[in-house]
Q: 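Sharing a structure, written as structure tokens. Questions coming.
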2 protein chains.
Amino acid sequence: MLSKKSQYAFKALTYLTERFNDGPVLISEIAKKKKIPLKFLENILLELKKAGILDSKKGKGGGYFLNKSPEKIKVATVIRLINGPIAMLPCVSLYFYERCKNCNEKHCGLHDMMIEVRDATLNIVENRTLKDLIV
Amino acid sequence: MLSKKSQYAFKALTYLTERFNDGPVLISEIAKKKKIPLKFLENILLELKKAGILDSKKGKGGGYFLNKSPEKIKVATVIRLINGPIAMLPCVSLYFYERCKNCNEKHCGLHDMMIEVRDATLNIVENRTLKDLIV
DNA sequence: TTTTAAGTCCACCGAGTTGGTAGAGTAATC
DNA sequence: GATTACTCTACCAACTCGGTGGACTTAAAA
């Protein structure tokens with residue numbers, strides 16, 4: 001399951017995608033419209049900014065905005081950033097790989113199955129962007 | 001990601017699948033062979049027993065064993081039992097469904113995408129059993 | 001019938017994560 | 001210089017995860 005934080009992140013990003021090219025959007029506006037706790041949203045947006053997905057402007061007329069166009073921000077990137085690994089096991093993760101202690105990965109049925117699951121998931125989330133999330 | 005508990009559960013179940021029809025297997029044997037902390041494994045096996053997947057026998061010659069044949073125990077069942085929802089969002093979960101507070105589910109791109117992910121995953125884990133995990 | 005092997009059960013624990021809040025600081029604009 | 005709005009640090013409660021300790025119960029064998 002995606003954490004609440006991830007769910008909030010996607011709501012906020014969806015909102016910023018709809019507002020893309022409208023200039024900076026206030027944190028408070030996003031929080032209000034998307035019903036996200038304000039201070040918690042601050043943390044999330046800051047994290048997204050540090051990762052280069054968002055940028056911000058201080059002072060009057062300031063706020064947050066997407067740093068690239070929505071079709072260049074992959075869903076998979078956001079999940080990995082806020083939620084962590086997409087794979088179900090560390091030993092089948094591409095970005096968070098860890099060797100499996102007690103199976104040799106060559107003859108492990110669970111391993112093989114989880115690779116299939118990972119690929120089926122990646123096939124979707126690697127090929128969708130924020131733009132695909134607005135209907 | 002599957003929790004460590006889930007990973008241990010699968011290791012133990014794999015072992016019991018290999019030993020199916022050999023009679024009860026000691027917790028201590030499973031723990032040793034699969035390198036799982038003994039007391040933690042106790043909890044896991046007990047939980048699997050309460051769910052009807054395993055059964056046990058007390059006293060000398062006792063131990064744990066599968067309650068049904070391995071090809072009748074689906075991977076999806078074990079994941080849901082020990083790890084929880086398979087879906088990435090509560091609003092697209094079949095067994096742990098919760099209504100989405102801030103999207104109407106009819107016009108939510110994230111929702112639609114996560115249904116695809118769920119189905120791709122279920123297509124694999126609903127059609128595999130413990131028997132498929134041994135190679 | 002006593003011993004003993006083995007599972008059962010329950011309480012507890014430390015560390016980390018999640019979800020969230022408070023408030024001072026800093027930068028940009030008017 | 002006042003105002004606006006993001007930045008940053010610190011903090012918090014609740015929960016989960018991974019794990020332990022120990023008393024209890026059952027059942028079989030001696």
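First the proteins, then the strands, lettered A, B, ... as listed; each starts at 1.
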Q: Once you round to the nearest 0.5 Å, how far does CD1 of A/Ile79 lie from OG1 of A/Thr121?
A: 9.0 Å
Q: Pick the nucleotide of DNA chain D nearest each of B/Lys57 and B/Tyr8; which residue has the one closer to the 5' end?
A: B/Tyr8
Q: So, A/Asn127 side chain and A/Asn123 main chain: donor-acceptor pair closer than 3.5 Å or not?
A: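 Yes: the side chain of A/Asn127 pairs with the backbone of A/Asn123.
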Q: On DNA chain C, check which nucleotide each of A/Gly59 and A/Lys4 is closest to and give me the residue with the more 5' one.
A: A/Lys4
Q: From the 5' end of DNA chain C to its 3' end, which nucleotides mark the outer limits of contact with chain A, defined by a 4.0 Å heavy-atom distance cut-off (strictly under)?
A: C/dG19 to C/dT29
Q: Do A/Arg128 side-chain atoms and B/Met113 backbone N/O form a donor-acceptor pair below 3.5 Å?
A: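 A pair under 3.5 Å: no.
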Q: Which residues in residues 36-52 of chain B have a heavy atom closer than 4.0 Å to any atom of DNA chain D?
A: B/Pro37, B/Lys39, B/Phe40, B/Asn43
Q: Taking B/Arg19 for the side chain and B/Val25 for the main chain, is one N or O donor matched with an acceptor at less than 3.5 Å?
A: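 Such a contact is absent between B/Arg19 side chain and B/Val25 backbone.
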Q: Check whether any side-chain N or O of A/Asp132 sits under 3.5 Å from a backbone N or O of A/Thr129 as a donor-acceptor pair, and report yes or no.
A: yes
Q: Measuring from atom OG of A/Ser69 to atom NZ of A/Lys131, what distance do you get when rounded to the nearest 0.5 angstrom?
A: 8.5 Å
Q: Counting N and O atoms only, with roles assigned by atom type, does the side chain of A/Asn67 sit under 3.5 Å from a partner on the main chain of A/Lys49, one being a donor and the other an acceptor?
A: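 Between the backbone of A/Lys49 and the side chain of A/Asn67 there is no qualifying donor-acceptor contact (under 3.5 Å).
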Q: Hey, what do you get for CD1 (A/Ile30) to CG (A/Leu16), rounding to the nearest 0.5 Å?
A: 4.0 Å
Q: Between D/dA5 atom C1' and A/Lys58 atom NZ, what is the distance in whole Å?
A: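 Between C1' of D/dA5 and NZ of A/Lys58: 9 Å.
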Q: Calculate, to the nearest 0.5 Å, the distance between atoms NZ and OG1 belonging to A/Lys72 and A/Thr77 respectively.
A: 13.5 Å
Q: Residues of residues 15-31 of chain A with any non-hydrogen atom less than 4.0 angstrom from an atom of DNA chain D: list those, numerically ordered, please.
A: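 Within this stretch, A/Val25, A/Leu26, A/Ile27 sit under 4.0 Å of the strand.
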Q: Distance from A/Lys32 atom NZ to A/Leu41 atom CG, nearest 0.5 Å?
A: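 Rounded to the nearest 0.5 Å, the NZ-CG separation comes to 14.5 Å.
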